[in-house]
Student: 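Below is the structure I would like to discuss, written out as structure tokens.
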Amino acid sequence: MTPEHPSEDEPSARAQRLAEFFVNTPLLRMRIEREDEEFELARSSLAPVGRTSEAAAVAEPSAKRAVDILRADVVGILRFGRSEPTLGEEVAEERELAAIEALGIRTSVRARSAGRLTAILCQDGAAVDYGRALFEIERG
Amino acid sequence: MTPEHPSEDEPSARAQRLAEFFVNTPLLRMRIEREDEEFELARSSLAPVGRTSEAAAVAEPSAKRAVDILRADVVGILRFGRSEPTLGEEVAEERELAAIEALGIRTSVRARSAGRLTAILCQDGAAVDYGRALFEIERG
Amino acid sequence: MLRKVLVANRGEIALRIVRACRELGIGSVAIFSEADRESTHVRVADEAFCVGPGPVPRSYLNVPNIISAALVSGCDAIHPGYGFLAENARFAEICADHGLKFIGPRPEIIMAMGDKATAKRVMAEAGVATTPGTDILATVELAREAAESVGYPVLLKATAGGGGKGMRVVERPEDLERAFLGATAEAEASFKDGRVYMEKLIRDPRHIEVQVLADEHGEVVHLGERDCSIQKPSHQKLIEEAGAPNLSERARARLHEMAVLACRHVGYSNAGTLEFLSSGDEVFFMEMNTRIQVEHPVTEMVYGIDLVKEQIRIASGEPLGYTQRDLEPRGHAIECRINAEDARNNFAPQAGKLGAVIFPGGPGIRIDTHIFSGASVPPYYDSMLAKVIAFANTREQAIARMERALRETLVEGVATTTEMCLEVLGTEGYRSGVYDIGFLPRLLAQRVG
Amino acid sequence: MLRKVLVANRGEIALRIVRACRELGIGSVAIFSEADRESTHVRVADEAFCVGPGPVPRSYLNVPNIISAALVSGCDAIHPGYGFLAENARFAEICADHGLKFIGPRPEIIMAMGDKATAKRVMAEAGVATTPGTDILATVELAREAAESVGYPVLLKATAGGGGKGMRVVERPEDLERAFLGATAEAEASFKDGRVYMEKLIRDPRHIEVQVLADEHGEVVHLGERDCSIQKPSHQKLIEEAGAPNLSERARARLHEMAVLACRHVGYSNAGTLEFLSSGDEVFFMEMNTRIQVEHPVTEMVYGIDLVKEQIRIASGEPLGYTQRDLEPRGHAIECRINAEDARNNFAPQAGKLGAVIFPGGPGIRIDTHIFSGASVPPYYDSMLAKVIAFANTREQAIARMERALRETLVEGVATTTEMCLEVLGTEGYRSGVYDIGFLPRLLAQRVG
């Protein structure tokens, strides 16, 4: 190998670009094969379990926009109400978006402020644990 | 704690200065106690064994000056000759500075070039292993 | 057999239980606090539910979230481990109310053994030797009469007690009143239950405990004794071993016999431990722990029995399938607790992010730990990071093995008890096997003096 | 007893030997190459000497530097481990010339057993069953005659051979000449010794080996057998167990008896292993390894004997101190080799810097490894990173335990054989214990097909 400055076309530079791309994906492993080279990127399986990528995805915009993340504060089964929340709809403060059923008790999940429902991060009937992100509301 | 910018007098700034000082010492552990605070710094015991700090100490100047490090290339007992090397003395190329005795065989340690003996890193009679730095010569 | 077990604990014991489930082909559900998201028990379990933030009352004692996690994940049982909810009779009842098998004895036994005075009375009825002493003492006057009959020195203890809280040693009659009032007030403050009772003080006793297993069909076996006398001044165990050294065969046989007798008497089921104080050849029942103990591995090593698997099998309704005659101890085992504690500073607990973590291995070494290089040690929990267990054919070999294992152990980022354990193992007292619960406090006092 | 041992090896076996020294209270001196400066055996030994750069011939085979390190550090013995200089009779002689005890059998025995044809002849003299076959075959004509008398299919093998080099299967007479010339040329190229001999080909054999210990006073014991039939297509072992499943008591007894017989016959001392091929109830001696084996831990687990300590004790001149009657196996042990190899790519060795490394623990799990989080895997050496050993009362429980242990194992940064081991453990063939040395190659062929 000749010790030159790495150009944009060199494998190391390409690997770096790929790595930068890869860390921003939710993928655990990515493998690219071309005629003369191979790249394999893998995320450490020691990364925090569960909602890491989701948490990162929803946490970032809140810095720029005025966003509320509604999280589960009990462990149970999530139930949407009769009026199922719709992505993009305007919600009033205190609007009940869903409820969590646990041990026969129903805990409401309510909008903390009026705004637009910009993400639904959960499914009707799913088991949710403490701190699980459920809805994202951009405050109006 | 009040979230201010750390000034020079704050513990964190002092800790940083201490840490910078500490990494350049050969110490494994350093503990400083004053009236109102304590600092303890410890080197990872996973750092490479043996000649790390010595290697770092002798490797650095070689970048700036024209320095030869003479190393042991056999395992054995180091013996200075009749004319013991003296720190600061001028040495000729091929001058024998010491020898390593191993299995009854004597392997010379010779200056690779003429210059000034700027460091003696070994002791007469010491057991030396492969790669151990013995002498530093600043080429004249 | 049970199908799926929720593990209502954290750290090494949660991992221990998940491992037992795996080996039995049973599903496992971990719970975790937000501070434990990256912990090994979470990584290794089949499923994991966050049940609350770091502080214990909001997560590992959050009964509604724990029960709900068990139900929504389809568990049919809960293993409580040790600490947290393990000896909470009410929790065991709540499990039953929700159709969840609590892996432990029946709630009424947990309750009876949880109250020290009751436990002692029940054991005395069963013919187990207990420390001479009294029931609850309502007044200083009654305490004074009792002390005269028991004989000084005496020990005042809180009936709801634990960890030395509400406990006072009384050497002379003139100190009794102050001690009684102090113990009562401390017990009231610590447990919201100021009731105290009295016991004869056994000087320089050894702490010896007997492991039992009982199935739900009346079969009871013991798995020998452990010596847990190497305790910190706070009475927390630091080093345990099986069997107990320098114990006469007569005392040993009597301990084993009493433990089995007691379990039969109370209709005990699942794993349990009877703790005794021993002095010379005399043994006195102290308390019964109705759960798996931290130090259970030393017994597992010498008996070749997996106690946590046995707990699950028993809770599944299976018979033990063996009798006392089938059990034979082999070799000697020692456990050292590697705690995140500063032994130079009164064992102050440490928290923070760990650097390099390397555990020993090789023949006869077992490691039970949830930590790893770069792991976090949250400030909320018990400071135990790992248990290093050494097994060998003889006690002498086990000590040599433990010493070499501890010397290999590397846990960076927090102060640990590794060096303290090595110091104990190196003493003539420990090596000779002649030590009592005052051994470590005296060793520490010498160092300071 | 020896006072101080130089460990002429690296990796897990060097660490294993340092551990044994520690437990015996003997000093230990590690050697290392520049590529291994941060390795665990260096960190853990009492002293450590760099003996050369990374490549094996310049460091771990650098006899002058190794001997010199032993002498300047005041060692009185050298333990060679396995591989490198372990079966080099000349090295054993050089040790003796410098007053260093070589921990292994006498040089002439290493020499005799190192030549496969000689070894076979010696064993046949001792009454050990050997594969029908021949001595060195000088010409194709002699080979043809031999093949007619042995009966096709036959195997041509290099007398200096190893790792399948210089080996040819000959199914039919018309293939003999080409195979003979090929084997000779390959043996010449690989070992600078083109001599070949012939054996009857045993179809689908199992690889079963017997562990022996012999002191320097004539006492010989066996420590049962190991089944090492789970081998990569290169004939390198991947999974081993003790004892061998589905072996008739008659065949087992015969194996043990022959091993002891052979050792007595040759005046063997120290630890050794006799490798046999087994087919049905027939067993045939294959070769003897005059050193500790990689897979020795499974034997240690079931016999409760520390083989490396025994090696050192024997080399110190101590008598064994027990006889065959004192040895009784208990339970079942399995070893899985965690190699830095890409099992999807013909087990191509991997090198590089490791990321997170977490090994399993808990009951019945033993880990022998030199790696840790962030360690380097140099490109120069054997690819084995760790041995995971599972012990339990029954084979079924040991398999379940191994499966859960491997599922917990995390080695980031290189491809490893962990998944491959899990795949083998999950097969009906492995679980039933009915497998032979073709098992893994067939499994791999199926996956590709």
Side-chain angles (χ1 to χ4, degrees), chain A residues 23 26-29 42-60 62 68-81 97-110 112 121-136, chain C residues 4 6 8 10 18 29-55 57-75 78 91 94-95 97-100 353-354 357 370-376 378:
Chain A
V23 295
L27 299 174
L28 273 178
R29 190 176 283 274
R43 203 175 287 277
S44 166
S45 35
L46 271 188
V49 289
R51 276 68 54 195
T52 324
S53 57
E54 163 259 287
V58 297
E60 219 194 328
S62 68
D68 271 346
I69 307 297
L70 303 186
R71 295 181 182 276
D73 53 8
V74 296
V75 177
I77 302 291
L78 191 88
R79 300 285 182 208
F80 290 159
L97 293 165
I100 301 171
E101 288 176 8
L103 314 183
I105 295 167
R106 199 174 164 284
T107 306
S108 286
V109 179
R110 291 177 188 281
R112 286 197 292 268
L121 302 159
C122 53
Q123 287 187 308
D124 187 49
V128 295
D129 61 352
Y130 179 90
R132 168 78 60 128
L134 306 174
F135 301 102
E136 183 191 279
Chain C
K4 198 173 184 181
L6 180 128
R10 68 177 296 279
V18 169
V29 178
I31 61 165
F32 60 101
S33 74
E34 288 182 319
D36 277 342
R37 202 171 275 279
E38 299 186 38
S39 192
T40 304
H41 76 286
V42 179
R43 177 175 70 90
V44 167
D46 293 336
E47 298 167 57
F49 283 75
C50 183
V51 292
R58 297 196 55 198
S59 49
Y60 295 108
L61 294 180
N62 187 332
V63 173
N65 277 356
I66 293 169
I67 298 284
S68 181
L71 295 176
V72 303
S73 59
C75 288
I78 293 193
F91 178 68
I94 293 170
C95 288
D97 290 347
H98 288 90
L100 296 162
K353 195 162 169 68
L354 298 176
V357 172
H370 57 292
I371 66 161
F372 49 87
S373 290
S376 290

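Just so it is clear, the values below take in all heavy atoms, side chains as well, and ignore hydrogens, waters and symmetry mates.
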Student: Atom CZ in A:Arg110, atom CG in A:Leu70: separation rounded to 0.5 Å?
Tutor: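 Between atom CZ of A:Arg110 and atom CG of A:Leu70 there are 11.5 Å.
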
Student: So what's closer than 4.5 Å to chain A heavy atoms on C:Ile67: side chain, backbone, both or neither?
Tutor: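 Backbone plus side chain of C:Ile67, per the 4.5 Å heavy-atom cut-off to chain A.
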
Student: So for atom CZ, which belongs to C:Arg58, do other residues, nucleotides or ligands contribute more than 12 heavy atoms lying within a distance under 6.0 Å?
Tutor: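 No.
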
Student: Quick check on the interface: out of C:Pro53, C:Ser59, C:Gly374, who has the most heavy-atom pairs with chain A under 4.5 Å?
Tutor: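 Ranked by heavy-atom pairs under 4.5 Å with chain A, first place is C:Pro53.
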
Student: Can you tell me which of A:Ile105, A:Val74, A:Val128 forms the most heavy-atom pairs within a distance under 4.5 Å of chain C?
Tutor: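 Of the options given, most contacts go to A:Val74.
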
Student: Should C:Asp36 and C:Tyr60 count as side-chain neighbours, where that means a heavy-atom distance under 4.5 Å?
Tutor: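 With C-beta onward as the side chain, the pair touches.
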
Student: Counting C-beta onward and ignoring hydrogens, is there a side-chain heavy-atom pair between A:Leu78 and A:Ile100 closer than 4.5 Å?
Tutor: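 Heavy-atom side-chain distance check passes, below 4.5 Å.
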
